[in-house]
Number of protein chains: 2
Amino acid sequence: MNPYEYIKNEIVTGRLQPGQRLTEEGHAGELQVSRTPIREAFKQLEADGLIIPYKRRGYIVREFSVEDIRQIYNLRALLESHGASEAALYRTDEELVRMHERNQAYEEAIRKLKKSDISTIKDIQQENLNFHEEIFKSTKNEHLRSHISKVVVVPLVFRSFYWYNERQLLRSLEVHNTILKAIENREPERAKIAMQEHIYQGRDDVLIQLNNPNIELWKGEAQ
Amino acid sequence: MNPYEYIKNEIVTGRLQPGQRLTEEGHAGELQVSRTPIREAFKQLEADGLIIPYKRRGYIVREFSVEDIRQIYNLRALLESHGASEAALYRTDEELVRMHERNQAYEEAIRKLKKSDISTIKDIQQENLNFHEEIFKSTKNEHLRSHISKVVVVPLVFRSFYWYNERQLLRSLEVHNTILKAIENREPERAKIAMQEHIYQGRDDVLIQLNNPNIELWKGEAQ
DNA sequence: ATTTAACTTATTGTATACAATATAAAGAAG
DNA sequence: CTTCTTTATATTGTATACAATAAGTTAAAT
């Protein structure tokens with residue numbers, strides 16, 4: 001794992017909390033490499049919007065306000081729904097098969113939820129990402145993909161108990177099927193709207209929990 | 001001018017042509033700095049999508065296919081139209097005044113076109129960018145802005161004779177006014193559609209010229 | 001006690017040397 | 001003349017040393 005992935009993982013898993021400072025030498029020591037590769041990683045993470053410069057002394061892990069989350073999810077809805085509609089137009093039959101496979105893997109991951117541990121949740125998240133990825137591949141639109149990949153990272157920091165709620169997961173599975181059907185039938189408008197609704201639902205689940213101080217979010221390995 | 005801006009300028013003005021190779025030492029020598037800052041600039045330009053790695057030996061300036069241009073303009077239409085609709089919702093009166101000022105500056109730049117030289121064209125382009133920028137500021141959506149800034153760079157490489165055609169310029173000025181009116185009247189849907197049409201018009205002007213081998217594009221200072 | 005000044009330190013920015021390695025060139029073999 | 005093997009070279013990747021400087025700290029002055 002290169003320094004960029006390593007630090008990104010630290011942030012996404014919550015081992016590095018928002019507001020925490022990052023120095024080149026600190027991470028160089030931790031990863032047993034020189035400052036040069038760490039510098040490079042920091043620059044990339046800054047471009048991702050995950051860390052921000054902190055008064056000319058390195059960086060701090062970015063904090064996301066409720067408004068940030070709202071804006072990022074809205075952008076995601078805009079971009080991914082556009083992607084879904086293009087997928088409906090340009091998908092091949094082989095790609096459609098792969099989408100079905102991905103969604104099936106997602107369903108299986110959900111079925112295993114009963115024996116619930118953190119690694120199962122990670123599996124579910126990963127399979128969900130895989131399904132979405134498969135859709136954007138079929139658009140043959142590399143530019144769209146690069147923009148989507150940027151808005152997908154941030155929500156990962158906020159992993160709510162959404163992923164623990166089987167009813168919500170099964171509902172999202174159903175929407176996946178609606179999207180798939182629309183792509184299969186080459187109905188771009190329907191695919192677009194279904195995807196939009198899908199993302200908005202995820203957004204609202206996260207926002208409700210952020211606004212409810214009684215329910216804790218799952219930020220990080222511990223707790 | 002730092003290395004990043006310097007090289008970016010070389011690309012956008014066409015002094016560095018698509019396909020041309022870039023090496024760290026080459027530019028370090030040219031700019032009289034060490035490889036370190038050049039490396040950093042290259043990484044940023046790669047993130048911008050303006051250069052791409054070339055078999056582990058530095059980079060080459062990216063070539064954009066007609067399909068690339070189409071996809072990027074479509075993304076721009078998607079993002080900027082969304083921006084325009086948010087501007088209609090969230091703009092303040094002060095911001096509206098500034099938008100009018102920017103558009104007036106754009107109009108004045110167009111009026112000066114008769115004494116046409118390259119620097120006048122650059123002025124027009126800049127004032128046009130300023131107008132669009134002013135709209136996105138009023139959305140208070142920093143995430144949207146960062147995505148838009150990425151799709152705006154690439155089309156600059158393809159500066160067609162669009163900017164020489166006074167009739168087309170005056171038409172774009174009229175669309176600006178339509179967008180402005182919608183933002184003024186807080187009509188998000190109308191602002192969105194007008195902006196969408198505006199970008200599509202720009203896209204088609206560029207695509208027509210790319211498909212017409214008789215008309216040369218203006219790529220670079222010379223010619 | 002509060003402000004200003006001087007000093008110290010942490011930390012990045014840049015240059016440079018050397019290591020690693022993919023590519024290109026040259027040479028050898030069939 | 002083509003293909004494989006070896007060698008050389010260009011070029012990046014990484015480490016490290018030093019320079020620049022902002023931030024923090026102490027001391028002095030009002």
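Each chain gets a letter, A, B and so on, in the order the sequences are listed, and its residues count up from 1. Small disclaimer: the values here were computed from a predicted structure and weren't measured.
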Evaluation steps, side-chain contact (heavy atoms from CB on, under 4.5 Å), between B/V61 and B/L50: CA-CA 6 Å; B/V61 179; B/L50 288 173; over 6 Å; no

Test ring pair (Phe, Tyr, Trp, His ring centres under 6.0 Å) applied to A/H82 and B/H82, step by step: CA-CA 12 Å; A/H82 180 71; B/H82 181 69; over 10 Å; no

Steps toward ring pair (Phe, Tyr, Trp, His ring centres under 6.0 Å) verdict (B/H132, B/H176): CA-CA 9 Å; B/H132 284 248; B/H176 277 198; 5.4 Å; yes

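Rounded to a whole Å, the OH atom of A/Y59 is 21 Å from the P atom of C/dA10. Between the OH atom of A/Y4 and the P atom of D/dG13 there is a distance of 17 Å, rounded to whole Å. Between B/I38 atom CD1 and D/dT11 atom P the separation is 15 Å, expressed in whole Å. Following rounding to the nearest Å, A/F42 (CZ) and C/dT11 (C1') show an atom-to-atom distance of 11 Å. Taking atom CG on B/L31 and atom C1' on C/dT14, their separation rounds to 14 Å, with Å as the unit. For the pair B/E25 CD and D/dG13 P, the interatomic distance rounds to 13 Å; values are reported in whole Å. Across the protein-nucleic acid pair, A/H27 atom NE2 and C/dT12 atom C1' stand 16 Å apart, rounded to whole Å. Distance CD (B/E40) to P (C/dT12): 13 Å, rounded to an integer number of Å.
Under 4.0 angstrom from either OP1 or OP2 of C/dT14 there lies no side-chain N or O belonging to A/R39.
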Nucleotide-resolved protein contact map, nucleotides 15-26 of chain D, B/S/- at heavy-atom distance under 4.0 Å: BBB----BSS--

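Ring geometry for B/F42 versus B/Y59: interplanar angle over 60°, hence perpendicular rather than tilted (30 to 60°).
In this structure, the ring pair (Phe, Tyr, Trp, His ring centres under 6.0 Å) partners of A/H147, at least two apart in sequence or on a different chain, are B/H147.
B/E95 has no carboxylate O lying under 4.0 Å from a charged side-chain N of B/K137, or vice versa, which leaves the two without a salt bridge.
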